[in-house]
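Here is the structure we will look at, set down as structure tokens.
Only a predicted model underlies this, so the values are computations on that prediction, with no experimental measurement involved.
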Amino acid sequence: MTSVSSKLPSGFGRLWTAQTVSSLGDGVSHAALPLLALMLTQDPMALAVVTAAGTLPWLLFGVLGGALVDRWDRRRTMWVADAARAALLAIPAAAAVLDVLSIPLLAALAFLLGLGGLFFDTAATAYLPDLLGRDPVLLERANSRLRGTQTAASGFAGPPAGSALLALGRAVPLVADAVSFAVSALLVRSLPAVPRPVPQARESLLRQARAGASYVFRNQLLLGLALRPAVGNIAFLAVETVLALFAHDRLGIDTFGFGLLLTAEATGGLLGAGVASFIGRRLGTGAALTCTAAVEGLAILGLACAPNPYIAGLALAVCGAGMGATMVLGPSLRQAIVPAHMMGRVASTSRMLAMCAAPFGAFLGGWLATAYDVRTPLYAAAGLLLTMTVVTATMTSNRRVEAALRAAAPDGGQGHPELVKKG
């Protein structure tokens with residue numbers, strides 16, 4: 001494969017390590033925070049408040065956060081966000097030691113950690129293409145590694161570690177998470193500096209935020225890339241809402257078996273992330289994205305029809321593979337074609353659409369299961385995913401991808417023929 005550089009720069013290794021360590025801490029807190037809340041109350045609404053608080057920053061400040069990232073130095077934004085999260089965790093850790101931990105404090109912690117995550121994730125998404133010279137080949141390779149290790153750290157290693165650390169004391173997982181953020185901040189601070197985007201004419205923050213959102217909605221390719229995770233979140237949350245009940249009532253799976261079912265999905269995700277670049281080269285990025293979307297829909301349909309736990313596990317693994325590949329190909333393409341001065345706003349707008357869609361999926365799944373049957377949300381999710389595949393196929397076609405890469409490449413697109421040859 002032709003590429004401006006066949007080797008990832010040394011700075012990427014430090015960014016990779018930083019995000020892996022941070023993801024491990026995220027996995028620890030993902031398991032520990034709900035368990036800490038459960039130790040304080042059995043009220044489902046109170047538990048829901050803690051869970052929902054972590055998503056609120058994206059809903060409230062997603063686009064504005066992207067506009068700020070486009071104004072600030074991305075490397076500094078990342079390490080300051082992680083350093084702030086490390087310091088923040090000292091407060092609930094001390095409260096746990098003093099036995100004054102409360103639901104409001106945990107909800108506030110989840111919100112502020114989510115706010116820090118908004119700035120870190122957006123800045124990291126904008127920093128990576130600058131670090132790699134906006135090379136589409138290197139971006140796919142880098143995102144494949146990042147996605148794979150993040151899945152392993154936050155999905156496999158982090159949650160069991162969080163549960164185990166909680167057994168040692170309420171403050172222990174919080175301290176472990178703080179250490180992970182501190183290590184990440186130190187690694188990010190050592191990253192090489194990259195040129196800052198050329199500042200535009202002075203505009204208000206709100207006007208810049210609106211310009212970023214408008215840029216996504218007026219570009220068919222970017223809109224198609226944003227709709228996939230947004231519609232996908234509606235479908236996947238509809239499934240996730242009833243998955244435990246479906247597994248218990250229809251498949252006869254116990255608690256341990258349900259954990260294995262989720263592990264199958266995560267394993268598929270690792271595989272999908274690993275082969276994403278290969279299928280992108282074979283099919284063309286646009287066709288590969290359409291293929292992975294169709295795979296996700298058909299896999300959920302297979303899950304709905306599954307007669308036993310083995311078929312269900314296979315279906316979830318296939319779905320996870322489709323999701324893993326999509327989460328490498330989509331962001332890599334976006335990073336390759338979006339101008340540096342717009343990257344933060346475009347990334348945050350896309351992420352905000354996905355986050356806003358998730359609650360609708362959870363409500364849809366619960367309503368369909370209550371009104372009809374526990375399998376109904378799965379059938380509805382499969383139909384939604386397959387419909388989305390058809391609708392967005394032309395929006396993210398190889399022809400559009402080719403045109404966008406040519407427009408973005410300084411050499412007129414000649415540096416990356418393998419990515420665009422399948423028109």
Practice problem: Take L166 and V172 through the side chain to side chain contact (heavy atoms under 4.5 Å, CB included) test and state the conclusion after the steps. | Solution: CA-CA 6 Å; L166 190 59; V172 177; over 6 Å; no
For the [atom1] atom of [X] and the [atom2] atom of [Y], what is their distance to the nearest 0.5 Å?
{"X": "L364", "Y": "L384", "atom1": "CG", "atom2": "CG", "value": "8.0 Å"}
{"X": "T267", "Y": "L316", "atom1": "OG1", "atom2": "CG", "value": "11.0 Å"}
{"X": "L225", "Y": "R400", "atom1": "CG", "atom2": "CZ", "value": "11.0 Å"}
{"X": "S332", "Y": "M327", "atom1": "OG", "atom2": "CE", "value": "13.0 Å"}
{"X": "L237", "Y": "L243", "atom1": "CG", "atom2": "CG", "value": "11.5 Å"}
{"X": "L301", "Y": "E296", "atom1": "CG", "atom2": "CD", "value": "13.5 Å"}

Please check if the side chain of [X] supplies one atom and the backbone of [Y] the other of a donor-acceptor pair under 3.5 Å.
{"X": "T349", "Y": "R345", "value": "yes"}
{"X": "T396", "Y": "G224", "value": "no"}
{"X": "S22", "Y": "A18", "value": "no"}
{"X": "S102", "Y": "L105", "value": "yes"}
{"X": "S190", "Y": "L187", "value": "yes"}
{"X": "S184", "Y": "F181", "value": "no"}
{"X": "N143", "Y": "L139", "value": "yes"}
{"X": "T387", "Y": "G383", "value": "yes"}
{"X": "Q335", "Y": "P129", "value": "no"}
{"X": "R75", "Y": "L191", "value": "yes"}

Can you confirm whether [X] sits close enough to [Y] that some side-chain heavy atom of one is under 4.5 Å from a side-chain heavy atom of the other?
{"X": "L205", "Y": "R71", "answer": "yes"}
{"X": "Q150", "Y": "T20", "answer": "no"}
{"X": "R170", "Y": "V97", "answer": "no"}
{"X": "Y127", "Y": "L132", "answer": "no"}
{"X": "L128", "Y": "F12", "answer": "yes"}
{"X": "L333", "Y": "L405", "answer": "yes"}
{"X": "R76", "Y": "R189", "answer": "no"}
{"X": "T122", "Y": "W58", "answer": "yes"}

Using every non-hydrogen atom in the two residues, find where [X] and [Y] come nearest and quote the distance to one decimal.
{"X": "S348", "Y": "V63", "value": "OG-CA, 3.8 Å"}
{"X": "A176", "Y": "L165", "value": "CB-CD1, 3.7 Å"}
{"X": "I300", "Y": "A382", "value": "CG2-N, 3.9 Å"}
{"X": "A273", "Y": "R147", "value": "CB-CG, 3.9 Å"}
{"X": "L8", "Y": "A142", "value": "CD2-CB, 4.1 Å"}
{"X": "L131", "Y": "P192", "value": "CD1-CG, 3.8 Å"}

Self-check item: Intermediate values then yes/no, side chain to side chain contact (heavy atoms under 4.5 Å, CB included), M323 and E265
Solution: CA-CA 10 Å; M323 293 169 63; E265 182 179 9; 3.9 Å; yes
Self-check item: Verdict with reasoning, L283 to C291, per side chain to side chain contact (heavy atoms under 4.5 Å, CB included)
Solution: CA-CA 9 Å; L283 303 177; C291 180; 4.2 Å; yes
Quiz item: What do you reckon, is CZ of R14 surrounded by more than 12 foreign heavy atoms closer than 6.0 Å?
Solution: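 Yes, CZ of R14 has more than 12 neighbouring heavy atoms, counting only those of other groups under 6.0 Å.
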Exercise. Examine the side chains of T292 and T326 and answer whether a donor and an acceptor come within less than 3.5 Å of each other.
Key: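 Result is yes, a qualifying pair exists.
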Quiz item: Do F120 and W79 have ring centres separated by under 6.0 Å?
Solution: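 Ring centroids of F120 and W79 are no less than 6.0 Å from each other.
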Self-check item: Intermediate values then yes/no, side chain to side chain contact (heavy atoms under 4.5 Å, CB included), T77 and D73
Solution: CA-CA 6 Å; T77 300; D73 180 276; 5.5 Å; no
